[in-house]
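Take a look at the structure set out below.
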Amino acid sequence: MNREDLIGELKNIVGDRFVLVEKEDVIVYEQDGSIFQVMPEIVVLPGDVEQVSAVVKLAKQAAVPIVPRGSGTGLAGGAVPAEGGIVLSLARLNRILKIDLENRIAIVEPGVINLDVTKAVAKDGFFYAPDPSSQAACSIGGNVANNSGGPHTLAYGVTTNHVLGVEAVLDDGVIVWLGGEVPDTPGYDLCGVFVGSEGTLGVVTKVAVKLMQTRESVRTLLAIFDEMDNATQTVVDITAAGIIPAALEMMDRTTIEAIERGAPVGFPRDAEAVLIVEIEGLTEHTDRSASLARAICQRNGAREVKLAADEAERQRLWKGRKGAFGAMGTLAPNYYVQDGVVPRSKLPEMMRRIAAISKQFNLRIANVFHAGDGNLHPNILFDMRAPGELDRVIEAGAATLRACIELGGSITGEHGVGLEKKAYIGLLFNEADLEAMARVRRVFDPDNRFNPAKLFPTPASCGEIRLQPAQIPAGLWI
Amino acid sequence: MKLTPDQLAQRLAAELGLDAVSLDADRLATHKIDDKQPVLVCTPGTRDQVSAALRLCADAAASVIPWGGGTAMALGNPPRRVDVVLNTGRLNGVIEHDHANLTVTVESGISLTALQQRLADQRQFGPFDPPFPERSSVGGIVAANLNGPRRGCYGSVRDLVIGIGSLGTLGIITELTLRLVPLPESVSTVVAAGTFSQAEQFIRELFRSRLLPTAVILSNERAHEPWSVAIRSEGFEESVARCRRDLDTLAVQAGMSAQLLSAGEHEELWRAVRDFPLQDKRLIYRITLPRAEICDFLHRAQNWPDTETTTDNVNGTIWLACAPTKASVQRFSDLATLARARRGHAMIFAAPGDLKQGFEVWGDSPPAFSLMRDVKHQFDPRGLLNPGRFVGSL
Amino acid sequence: MELLRNKPGDTATTKVPALDLPELYQCVHCGLCLNQCPTYRALHLEPESPRGRIHLVKAAAEGRIELNDRFKEHIYLCLLCRACETACPSGVQYGRIAETAREQLGPPGSPFARAVLNFVFTRLLPYPRRLRFVFNLLRLYQRSGLQRIARSLLPGKLREMDSMLPTVPAKFYYPVTSILPAIGERRAKVAMLNGCVMPLLFGDVNEATVRVLRRNGCDVVLPKNQICCGALNIHNGESAAAKQMAAIVVNSAGCGAAMKEYGYLLRDDLAYRDKAARFSSLVKDTGEYLAGIGLVAGLRPVEMTVTYQDPCHLAHGQRVRAQPRTLLQSIPGLKLVEMDGADRCCGSAGIYNLTHADMSQHLLKEKMQAVTATHVDAVVAPNPGCMLQLRYGTQRFGPDVKIYHLMDLLDRACSETDLTPK
């Protein structure tokens with residue numbers, strides 16, 4: 001099958017307007033939320049599951065790679081078509097198909113925006129728990145692919161804990177349900193396997209998610225610290241005291257500066273770290289937990305501990321936290337975000353190591369992270385124009401990941417491996433572990449056509465991956 | 001098997017040591033699976049020994065049945081072949097309890113009760129409630145995906161560890177890291193008793209309230225009425241007290257009488273709930289449903305004689321314990337149809353071996369069965385691990 | 001099969017330094033703008049999103065793609081509503097990127113359409129007298145019965161465009177005196193933009209605005225010789241008016257947003273940039289200004305349920321959201337019900353409703369559905385473009401509700417006559 005035939009067939013399946021081939025169209029699909037760029041040849045936007053199935057079948061026939069894409073907000077290059085081919089955008093599969101409040105289930109298509117699920121049920125007192133910072137833009141399908149977390153992961157778990165089943169299109173175009181609307185479906189937990197598989201096993205076309213009931217009471221504390229060590233110690237102490245907050249988030253001085261420059265919310269710019277502690281539950285529970293948490297903050301030398309007075313103030317705190325990544329643009333033209341995990345008790349040590357890495361490589365690093373999970377997000381700030389800087393950034397990134405592993409942690413908490421970290425996955429898993437994963441992959445995708453060159457440390461045609469552009473006018477980044 | 005039991009025993013003993021292998025008839029008799037006796041019981045003492053044992057058995061083309069505490073051996077289809085039972089009982093160490101991070105890494109053969117005792121020093125626990133925790137091994141809980149009534153609050157087995165529910169058909173778990181939870185300051189149980197429709201109303205209103213019970217169990221004993229709803233609350237003293245007050249009000253509104261259990265009654269009740277799915281000499285059905293369908297389902301299926309019902313209303317699981325008779329088995333297709341119509345599924349969770357012959361205890365074949373078969377083939381191409389017991393006789 | 005592969009560093013064409021804006025590099029591609037963009041929401045195509053357009057401009061600047069018609073379509077499908085700026089955590093000023101790209105590309109459409117637009121912008125809008133003449137003609141056309149005859153003869157497309165023509169009111173607003181004194185205690189002196197189209201289509205709103213300002217203690221100066229948004233002509237040297245004014249108030253969101261940008265627009269003009277910056281700092285939306293100084297006039301009840309449409313150039317362009325709502329809620333008897341997506345563009349967007357009728361109507365339809373769901377008597381939208389579009393929306397899609405400017409309702413509440421709808 002030649003290119004023209006393939007395009008013609010694709011147009012027959014999804015309609016002319018939803019097959020993009022012009023350079024001025026496909027070029028915008030060369031990147032996601034990461035810094036990697038590879039241009040697809042064709043972008044297809046199917047409108048229903050049958051079209052997805054037909055496109056997948058056709059891709060198999062034509063032996064073309066196929067890369068599923070949600071909203072393209074991922075930070076590890078998961079939606080970048082590393083080997084070109086077809087980008088399959090699921091943005092048009094964006095219907096909420098069913099909301100069943102009695103059973104606390106929603107069935108949604110993969111292109112539905114994460115926050116829209118919560119919006120659809122909020123008036124009835126429910127919410128969808130996983131809340132990545134990009135939740136106003138990221139899709140449920142993308143969340144499933146990356147097993148995304150979010151600040152409230154601490155109490156409620158990550159995506160896999162909230163997905164009961166997925167409908168998926170397999171490599172031969174067959175449409176199948178894995179899991180269902182109830183847990184414990186007999187057989188291997190293939191739904192669990194699919195969640196977090198980064199688009200390497202098939203295309204998710206429906207997702208059955210759990211809905212949770214909004215808690216009676218929410219208390220949100222903002223603790224301000226003059227020393228990073230005191231802030232990290234507070235995190236260790238809060239969880240050690242048996243308090244499980246719904247969220248426990250930390251931002252360092254550099255991050256605060258970025259937020260306050262971009263879309264200010266009133267974090268004190270002279271603080272070394274701020275901690276957001278959020279507690280949810282019955283009023284009796286949140287009252288006691290909040291006062292315990294406050295006491296721990298104060299015992300660790302917090303300069304100030306503020307309780308959000310109302311929902312508006314709480315929303316403001318979260319707006320700052322959730323906009324932190326995007327706000328990095330106010331400090332530097334490029335940032336490279338890491339997603340390492342360390343045991344909570346190792347946080348103070350890890351933050352010291354990051355400070356040392358920052359010094360060693362002479363790079364600014366902004367830290368904003370899910371402290372309660374020990375899930376770090378060091379953002380290495382840099383300027384692609386500066387000769388040799390990117391190399392230092394990549395080395396510094398590797399150094400932080402190595403530090404995570406040395407302290408007993410992992411290289412990804414929630415962003416996925418994607419293109420970004422596949423070279424490092426060998427640090428975490430031994431050959432037998434990787435072979436076990438490869439066996440699963442072989443079952444689902446024997447031709448290695450779904451999102452190739454991702455996740456596994458196989459050498460890809462890396463030479464063709466373009467890092468974000470280089471020509472930048474000087475003088476903007478103060 | 002390509003070797004005689006003696007030959008295999010010798011090879012195993014040579015590599016694992018004499019005390020790791022047994023051909024003792026009494027010991028073999030205690031390791032029957034659905035009345036099939038193994039030819040050899042192997043008890044490796046380390047992870048490497050498990051690996052060596054599996055290699056030697058594979059070389060000999062001997063099937064291997066993993067065995068933890070042996071509490072859930074009635075689960076699954078009758079095995080096709082029982083050659084070697086691999087008992088993980090000696091793998092019973094706690095490798096690391098990282099109390100600051102609320103995790104523990106253990107060897108798979110440790111019993112849950114032994115683990116909980118170790119964790120209690122730091123006022124923590126592993127939030128699992130499988131039947132017979134004093135015997136059931138942590139690895140077995142994971143392999144068999146044995147969830148208890150508190151999963152709605154603390155998470156299911158799948159949420160608390162990684163790689164679950166394959167019933168030992170893909171490999172043998174040797175070590176696991178588990179998430180832990182701080183022991184609650186206070187625990188109490190309120191039981192409300194009344195008619196079925198009162199219980200139904202009570203539960204509906206309970207779920208509409210903002211209370212966050214750790215478990216809600218609806219049960220009856222062999223007779224149609226009365227039904228009782230047990231609600232377990234955990235947390236700070238004041239939170240638990242608040243729950244008790246609100247539950248009293250809800251019960252009164254539903255026309256039921258509510259009673260606060262004493263510590264002894266509380267222990268007794270939850271032990272019964274926990275052990276219900278694997279009780280001896282009964283045929284146990286498990287029906288999993290979207291939880292709001294439970295009462296309607298029970299309404300249609302409750303008129304059976306000699307059947308006890310225990311349902312977990314938070315998680316949508318119905319357990320029926322029936323007489324271990326052919327007549328009980330014949331209800332399976334009705335139950336499966338009722339469950340399917342409500343987007344759920346039904347299975348025979350446990351039954352005496354003779355009753356399980358000739359049909360699929362796991363119920364309807366899952367839609368992705370061919371994928372499961374391929375997965376099994378990738379991990380166990382010769383079909384030697386727990387052959388036949390899992391879904392579709394995998 | 002071997003497909004075309006774009007090699008890294010491909011330069012298909014020449015670089016365009018004029019497009020290489022610093023703002024481009026503030027975008028870190030996070031995607032938080034996508035779901036706020038009306039055209040992306042409608043089409044789900046990345047090239048029709050803010051992030052996509054920024055990416056395209058960046059690629060064009062680098063010479064990776066050509067400035068061809070396809071590129072131009074993407075840039076001009078944008079409404080310039082700037083909802084993406086509100087969503088952007090990095091504070092990327094997308095509007096500036098898009099406007100620069102448009103400058104580079106030239107106006108859209110056929111040569112004829114371009115000639116018409118050029119005429120309107122350079123020959124008509126800056127000349128109040130010519131503009132008045134045109135509107136007089138239009139009024140004549142509408143009232144003489146000619147329009148009715150024309151409609152029966154015009155082909156479909158033109159008929160539809162004709163139906164979008166606003167009805168020209170009987171009265172224009174060009175007060176004879178240029179200083180209208182405060183009523184009651186004098187608190188401030190403000191200059192007001194009468195505007196180009198406002199006095200012709202919304203003379204009553206301007207009249208109401210002046211009354212509200214006066215009743216709340218403002219001397220209102222309406223400088224003579226105003227031209228399109230440049231009325232208080234900053235090129236006329238140090239504007240006499242601006243010097244002594246507490247504020248320059250504007251009741252049209254689009255004009256206000258533009259005037260607040262003068263400092264930026266003239267940033268390279270050594271002679272005027274300081275004056276322009278000072279001028280811009282004085283510009284206030286009328287609602288913003290009044291909420292700031294606080295209402296002192298007594299307020300009578302206006303029994304009405306309304307919803308508030310955020311004009312894009314007010315909410316996103318000027319970040320004014322709370323103030324108009326506060327003023328509305330201060331009116332006794334008036335109930336404000338928020339609609340879904342109140343700050344989403346109604347599809348008016350200047351002349352967008354003419355150049356991109358399909359998209360515009362799609363957005364208007366959704367907007368009217370959101371209005372319908374609120375069961376209100378009226379929509380308040382303090383901007384002429386939005387008011388015209390919403391009025392058209394009530395005719396085409398329903399519901400049958402009134403469209404008011406914020407000043408209409410404040411004027412009712414401040415004045416003695418009871419104007420509650422019957």
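Note that these values count all heavy atoms, side chains included, but never hydrogens, waters or copies made by symmetry. Chain A is the first sequence line, chain B the second, and so forth, proteins listed ahead of strands; every chain is numbered from 1.
Considering only residues two or more places apart in sequence or on other chains, His44(C) meets the ring pair (Phe, Tyr, Trp, His ring centres under 6.0 Å) condition with Tyr40(C). For Asp48(A), the side-chain contact (heavy atoms from CB on, under 4.5 Å) test picks out Glu50(A), Gln51(A), Arg95(A), with sequence neighbours left out.
Atom CD1 of residue Ile65(C) and atom CD of residue Glu22(A) lie 11.5 Å apart, to the nearest 0.5 angstrom. Considering CD of Glu24(A) and CG of Leu67(C), their distance stands at 9.5 Å, rounded to 0.5 Å. Interatomic distance, Leu115(A) CG to Asn35(C) CG, rounded to the nearest 0.5 Å: 8.5 Å. Taken from SG in Cys138(A) to CG in Leu34(C), the straight-line distance is 11.0 Å, to the nearest 0.5 Å. Put simply, CG on Asn334(A) and NE2 on His29(C) are 12.0 Å apart, with the number rounded to the nearest 0.5 Å. Of the inter-residue distances, the one linking Phe325(A) atom CZ with Leu32(C) atom CG reads 11.0 Å to the nearest 0.5 angstrom.
Between chain C and the residues Ala263(A), Ser134(A), Gly72(A), the most heavy-atom pairs under 4.5 angstrom are made by Gly72(A). Among Leu56(C), Ile54(C), Val92(C), the residue making the largest number of heavy-atom pairs under 4.5 Å with chain A is Leu56(C).
Residues Leu43(C) and Phe18(A) come closest through the heavy atom pair O-CE2, 4.3 Å.
Checked for salt-bridge contact, Arg64(C) and Glu30(A) meet the test: a charged N lies under 4.0 Å from a carboxylate O.
Under the side chain to side chain contact (heavy atoms under 4.5 Å, CB included) rule, Val28(A) has a single partner from Lys58(C), Glu46(C), Glu48(C), Arg51(C), which is Glu46(C).
A donor-acceptor pair is defined here as one N or O able to donate and one able to accept, closer than 3.5 Å; such a pair exists between the side chain of Ser90(C) and the backbone of Gly326(A).
Contact annotation for Leu20(A): only side-chain heavy atoms (C-beta onward) come within less than 4.5 Å of a heavy atom of chain C. For a residue to count as touching a neighbouring chain, one of its non-hydrogen atoms must lie under 4.5 Å from one of that chain's; by this rule Leu24(C) does not touch chain A. The contact between Ile27(A) and chain C is made by backbone and side chain atoms together, counting heavy-atom distances below 4.5 Å. Heavy atoms closer than 4.5 Å to chain C are found in the side chain of Asn94(A), but not in its backbone.
Heavy-atom neighbours of Asp310(A) CG from other residues, nucleotides or ligands within 6.0 Å: above the threshold of 12. Around the NZ atom of Lys335(C), the shell of radius 6.0 Å holds no more than 12 heavy atoms that belong to other residues, nucleotides or ligands.
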